[in-house]
Enquirer: 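This is the structure I have questions about; it appears just below.
Whatever order the structure lists them in is the order used to number ligands and atoms, beginning at 1.
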Amino acid sequence: MMFETFEKYESNVRSYCRKYPVVFDEAKNAELFSEQGERYIDFLAVAGSVNYGHNNPEIKAAVLDYLSSDRIINALDMYTKAKREFIEALENLILIPRKLDYKVMCCGSTGTNAIEAALKLARKNTGRTNVFAFSGAFHGMSMGSLACTTDRISREGAGVPLDNVSFMPYCNSRIDSIEYLKEVLEDDHSGFDKPAAVILETVQAEGGINVADAEWLKAVRKICDDHGIVMIVDDIQVGNGRTGTFFSFERAGIVPDMVVLSKSISGLGMPMSIVLVRPELDIFRPAEHNGTFRGNQLAFVGSKAGIEYYNNHNLESDVKRKSAIIEKFLNERIASLDKRISIRGIGFIWGIDLNGIDPKLAIECVHKAFDNKLILEVAGRHDGVLKVMPPLTIEDNVLVEGLEILEKSIKEVL
Ligand SMILES: Cc1ncc(COP(=O)(O)O)c(C=O)c1O
């Protein structure tokens with residue numbers, strides 16, 4: 001009865017609801033509430049879209065204030081006061097303090113749309129068609145992004161060949177991926193077409209929480225410089241403070257040629273995506289990449305408030321402090337449950353890899369955690385990695401409560 005409307009009328013493609021069979025209604029910071037009022041702790045954070053918490057009061061107040069008068073809601077890419085204030089906040093509070101010189105391209109509202117824009121722009125700049133992506137990558141579901149995405153089920157959904165992308169082994173693969181990259185680029189008989197771009201996540205999230213080393217990221221940057229290849233960092237899931245700094249690449253001291261942001265960039269979980277582009281690469285003609293929802297003003301308002309929240313609340317030091325709580329808990333209380341469990345992560349994104357025991361256990365843990373009122377997700381090879389990704393603003397006591405439910409659920413399954 002509770003699910004009848006969905007099961008009768010909504011497409012079979014729905015997925016998260018099958019893991020969390022409940023009807024959600026309210027959400028506050030790191031807690032979700034069903035329509036019956038049951039409380040769940042959220043270790044998923046809308047796949048990284050609510051880094052600053054569900055219904056963050058400061059961000060919500062800015063959005064409500066905007067909505068309370070007849071301010072324009074969608075404006076295509078016309079100039080608006082809300083967009084100007086968003087761009088100024090991004091420049092003054094995020095880019096200039098980090099000495100980053102980027103132009104902002106507002107894209108259609110999804111992450112995948114901004115990835116498409118970045119790929120097109122890299123191809124246009126270089127006149128090349130091929131792109132290098134990495135095994136384990138996830139960049140989205142539209143054709144260009146999907147071509148750079150590796151998981152089989154997503155790719156099978158395309159229905160057409162996904163081409164013009166070559167996959168390279170990611171950091172910490174069994175072979176030395178930097179040597180391999182150099183080899184295929186330097187050998188004129190390697191058979192690989194020189195790419196327009198190298199696209200990467202500094203932490204592969206959907207790929208199973210694979211954290212690239214800073215040295216590896218630096219080496220990829222150098223290879224791109226040496227060969228005139230555009231380096232695109234997809235910070236859609238691990239940007240906006242998720243790894244402990246606003247941009248995930250800051251720890252490597254590199255500057256990508258393009259950075260893609262979506263998910264938490266709107267502050268409140270609203271649709272919004274942008275590409276940050278080095279000015280000299282900004283060569284699209286007007287409307288060459290277009291989209292009706294590039295002008296979602298509520299998202300701009302939320303984004304400005306989110307950026308201010310990030311700075312005013314010293315989120316970076318708080319993430320560092322609470323990240324240590326997660327790391328210690330996972331290493332001491334979870335890894336100790338079985339020596340075949342491996343723990344990976346950084347900042348506020350952690351993975352518990354159960355592939356060494358049996359990948360099927362991970363989804364069992366997700367179901368068990370749900371029964372115990374914790375929202376948890378799987379990722380990675382064989383969906384065998386549990387993904388721990390609460391909002392950055394989670395209260396200490398709720399974080400510890402969630403970690404204890406996690407431990408209890410894994411113990412029950414093991
Ligand atoms: C790293 C990364 N890139 C791209 C995307 C695609 O974003 P969207 O689902 O908004 O199209 C996602 C979504 O999970 C992602 O995690």
Side-chain angles (χ1 to χ4, degrees), residues 13-16 19 43-51 105-120 122 131 133-151 153-155 157-158 162 165 167 170-171 197-212 217 231-243 247-249 256 258-276 289 291-294 296 299 302-303 345-351 375 377-380 383 385 387-389:
V13 78
R14 62 194 195 279
S15 98
Y16 288 101
K19 290 177 191 151
F43 272 15
L44 174 59
V46 198
S49 306
V50 290
N51 283 5
M105 179 175 170
C106 299
C107 298
S109 44
T110 58
T112 195
N113 185 271
I115 295 286
E116 298 288 352
L119 294 170
K120 283 185 195 174
V131 164
F134 292 93
S135 307
F138 185 90
H139 296 294
M141 286 284 173
S142 53
M143 292 305 179
S145 314
L146 191 52
C148 301
T149 291
T150 54
D151 91 87
I153 289 186
S154 301
R155 292 179 69 86
L162 295 167
V165 177
F167 288 99
Y170 193 64
C171 182
V198 168
I199 183 167
L200 62 91
E201 301 149 271
T202 69
V203 180
Q204 290 184 332
E206 301 305 312
I209 326 301
N210 307 312
V211 184
L217 293 167
M231 181 181 192
I232 304 172
V233 167
D234 176 349
D235 241 0
I236 288 173
Q237 189 155 164
V238 297
N240 288 96
R242 177 61 55 189
T243 64
F247 295 109
S248 71
F249 53 83
M258 295 185 202
V259 183
V260 187
L261 289 171
S262 185
K263 292 197 190 274
S264 281
I265 188 63
S266 76
L268 208 58
M270 293 177 290
M272 174 173 175
S273 72
I274 58 174
V275 184
L276 302 175
H289 186 80
T292 305
F293 290 107
R294 287 180 301 158
N296 180 355
S303 188
I346 182 170
F348 248 55
I349 178 161
W350 288 85
I375 302 298
E377 171 59 321
V378 289
D383 278 344
V385 182
K387 185 175 172 198
V388 175
M389 199 170 67

Enquirer: Nearest to atom 15 (C) of ligand 1, what protein heavy atom do you find, and at what distance?
Expert: Phe138 CD2, 3.7 Å
Enquirer: What do we get for Lys263 next to ligand 1 when only non-hydrogen atoms under 4.0 Å count, side chain, backbone, both or neither?
Expert: side chain
Enquirer: Using modelled atom types and a 3.5 Å cut-off, is there a donor and acceptor pairing between side-chain atoms of Glu201 and backbone atoms of Phe138?
Expert: yes
Enquirer: Less than 4.0 Å from atom 11 (O) of ligand 1, is there any heavy atom belonging to the protein?
Expert: yes
Enquirer: Which protein heavy atom lies closest to atom 7 (O) of ligand 1, and at what distance to 0.1 Å?
Expert: Gly111 CA, 3.5 Å
Enquirer: If the cut-off is 4.0 Å to any non-hydrogen atom of Thr112, which atoms of ligand 1 fall inside it?
Expert: 6 (C), 7 (O), 8 (P), 11 (O)
Enquirer: Starting from atom 16 (O) of ligand 1, what is the nearest protein heavy atom, named by residue and atom, and what distance separates them?
Expert: Gln237 NE2, 2.7 Å
Enquirer: Mark yes or no for whether Ser266, through its side chain, and Gly302, through its backbone, hold a donor-acceptor pair below 3.5 Å.
Expert: no
Enquirer: Rounded to the nearest 0.5 Å, what separates atom NE2 in His139 from atom CG in Leu200?
Expert: 7.0 Å
Enquirer: If we ignore hydrogens and angles and just use 3.5 Å, is the side chain of Thr150 paired with the main-chain N or O of Gly136 as donor and acceptor?
Expert: yes
Enquirer: Using modelled atom types only, decide if a donor and an acceptor are shared between the side chain of Ser273 and the backbone of Gly108 within a distance under 3.5 Å.
Expert: yes
Enquirer: Is there a donor-acceptor contact under 3.5 Å from the side chain of Arg242 to the main chain of Ser248?
Expert: no
Enquirer: Quick check: does any side chain N or O of Ser262 sit under 3.5 Å from a backbone N or O of Met272, one acting as donor and the other as acceptor?
Expert: yes
Enquirer: Indicate yes or no: does an N/O atom of Ser262 lie under 3.5 Å from an N/O atom of ligand 1?
Expert: no
Enquirer: Taking only heavy atoms of Thr110, which atoms of ligand 1 are found under 4.0 Å from at least one of them?
Expert: 10 (O), 11 (O)
Enquirer: At less than 4.0 angstrom from any non-hydrogen atom of Gly140, what atoms of ligand 1 do you find?
Expert: 4 (C), 6 (C)
Enquirer: Tell me the nearest of Thr202, Asp234, Val203 to atom 1 (C) of ligand 1, using heavy-atom distances.
Expert: Asp234
